Amino acid sequence: MTYTIQISASPVHEFVFSFCFFMKPISEKMKKELSIGSNWYADREKQFPHIVEDEGYGSVQYEYATILAWLYSDDQGIEGFLRWFASLTAGDIYLLTEPYMSDRFSLPKDLSKLHERAARYLSEWYKEYFHSLLGYYESAIYEDVQKRIEEYEQAKDSESFLEAITGGLVMDSALGIKEIKLFPTIHLSPFFTSQVYGSLAIACYPINVWKSPEEQETDLLVNMGKALADERRISILQFLSNGKKSFGDIAAMLGTTKGTIHHHLLFLNAAKMLRLYETGDRNSYGYYETRPLLADKMQELLQKKTRN
């Protein structure tokens, strides 16, 4: 597979992503592992009770805004994006997003009414929440993105670079991806995520701006210890070391429920022990495989933390 990767330091992407992240909450167990803090959702619920009341939870209808964030070309920051976003008609949005439509992605119904509400919600999200993070976010992210761009320019191939920077994301070759838009996320850290829109994929890689590099290495080592503290998770690693398997394959091997499998995969993903093959199927969990050189990474961290 051959695709190009564009890495952006623009806060517009994380701004829109953080709002969509709030609109579609993750599991309670996953919340506890977030670098940004386990109370983040509860704090935002208190801050935006009317949005929760209006929309409820589990909403994916605002996802189209993530594509528009990348299609926004003017370098006017978040405020410029908000003005442009609010000015769009339903017809404008259809024309802009039409190249990315597929059976995997379509625009929500009643787009005109929804878009008006989305513009209002995003404006509130910026003024009452994200604006307070902006200065800190930009200063911390810009340096990291410049470093990643240099690494990408020196990388042997896009596939290995993507897998390394995200901590396990692999694009299934059958997708025919031609371009990946990549941005750093502080909200989903230590996890990554991706979405496929035709030949385009949008993905984020985790970055922890709350702790020093040394503290982050300690956290990773702690997460590795947690991941290995259950014999069933060790069984999963052994099972996946023989090649990529589906979520159903793992469930059949362990003979347990989906919820239990999610629980174990959560710990393994937080420890960056697994590869996840993105298939573009939103009704599937993709394929998993043990990351190569896992034992070498653990040994490296242990030696670094325990040597005199």
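The first residue of the sequence shown is numbered 1, and numbering continues consecutively from there. Predicted model, so just to flag it, every value in this text is computed and none were measured.
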Original post:
Looking at residues at least two apart in the chain, or sitting in another chain, which of them share a side-chain hydrogen bond (donor to acceptor under 3.5 Å, both in side chains) with Lys272?
Top reply: none
Original post:
What pairs with Ser189 under side chain to side chain contact (heavy atoms under 4.5 Å, CB included), at least two apart in sequence or on another chain?
Top reply: Ser35, Pro206, Asn208
Subject >> For Tyr126, ring pair (Phe, Tyr, Trp, His ring centres under 6.0 Å) partners two or more places apart >> reply: Phe15, His131
Original post:
With sequence neighbours left out, what residues match Gln47 under side-chain hydrogen bond (donor to acceptor under 3.5 Å, both in side chains)?
Top reply: Arg44
**OP:** Applying side-chain hydrogen bond (donor to acceptor under 3.5 Å, both in side chains), name anything that partners Tyr205, two or more places apart in sequence or on another chain.
**Re:** Asp144
Subject >> Contacts of His264 that satisfy ring pair (Phe, Tyr, Trp, His ring centres under 6.0 Å) - sequence neighbours left out >> reply: none
Original post:
Side chain of Glu150, backbone of Lys147: donor and acceptor closer than 3.5 Å?
Top reply: no
Original post:
Excluding sequence neighbours, so at least two apart, what forms side chain to side chain contact (heavy atoms under 4.5 Å, CB included) with Leu162?
Top reply: Tyr3, Ile5, Thr166, Leu169, Met171, Ile180, Leu182
Original post:
How far apart are the closest heavy atoms of Ala164 and Arg291, and which atoms are they?
Top reply: CA-NH2, 4.0 Å
Original post:
According to the interplanar angle, ranging from 0 to 90°, do the rings of Phe48 and Phe22 count as parallel (below 30°), tilted (30 to 60°) or perpendicular (above 60°)?
Top reply: tilted
**OP:** Look at the aromatic rings of His187 and Phe21 and report parallel, tilted or perpendicular, splitting at 30° and 60°.
**Re:** perpendicular
Name every donor-acceptor pair, under 3.5 Å, that has one atom in a side chain of residues 250-262 and the other anywhere in the protein, sequence neighbours excluded.
{"from": "Thr256", "atom 1": "OG1", "to": "Thr260", "atom 2": "OG1", "distance (Å)": "3.4"}
{"from": "Thr257", "atom 1": "OG1", "to": "Thr260", "atom 2": "N", "distance (Å)": "3.3"}
{"from": "Thr257", "atom 1": "OG1", "to": "Thr260", "atom 2": "OG1", "distance (Å)": "3.0"}
{"from": "His262", "atom 1": "NE2", "to": "Tyr285", "atom 2": "OH", "distance (Å)": "3.4"}

Original post:
Quick one: ring pair (Phe, Tyr, Trp, His ring centres under 6.0 Å) partners of Phe19, sequence neighbours excluded?
Top reply: Tyr62, Trp125
**OP:** Examine Arg233 relative to Phe267 and say whether NZ or CZ is less than 6.0 Å from the centre of the six-membered ring and inside a 45° cone about the ring axis.
**Re:** yes
**OP:** Evaluate the side-chain proximity of Asn242 to Lys245: yes if any heavy-atom separation is below 4.5 Å, no if none is.
**Re:** yes
**OP:** Evaluate the criterion side-chain contact (heavy atoms from CB on, under 4.5 Å) for residue pair Leu240 and Ile236; output intermediate values, then yes/no.
**Re:** CA-CA 6 Å; Leu240 297 180; Ile236 291 175; 3.7 Å; yes
Original post:
Leu221 versus Glu217: any side-chain heavy-atom pair under 4.5 Å?
Top reply: no
Subject >> Which residues share a ring pair (Phe, Tyr, Trp, His ring centres under 6.0 Å) with Tyr100, sequence neighbours left out >> reply: none
Subject >> Cation-aromatic face contact Lys244/Tyr287, 6.0 Å, 45 degrees >> reply: yes
**OP:** Output all residues satisfying side-chain hydrogen bond (donor to acceptor under 3.5 Å, both in side chains) with Ser158, sequence neighbours left out; order by chain, then residue number.
**Re:** Tyr152
Original post:
Below 4.5 Å, heavy atoms only, C-beta onward: do Trp84 and Gln76 meet side chain to side chain?
Top reply: no
Subject >> Donor-acceptor pair, side chain of Ser123 and main chain of Arg120, under 3.5 angstrom >> reply: no
Original post:
Which class fits the ring pair His13 and Trp70: parallel under 30°, tilted 30 to 60°, perpendicular over 60°?
Top reply: parallel
Subject >> Full working for ring pair (Phe, Tyr, Trp, His ring centres under 6.0 Å) between Tyr72 and Phe85 >> reply: CA-CA 8 Å; Tyr72 171 65; Phe85 186 85; over 10 Å; no
Subject >> Partner set under side chain to side chain contact (heavy atoms under 4.5 Å, CB included) for Ser132, not counting sequence neighbours >> reply: none
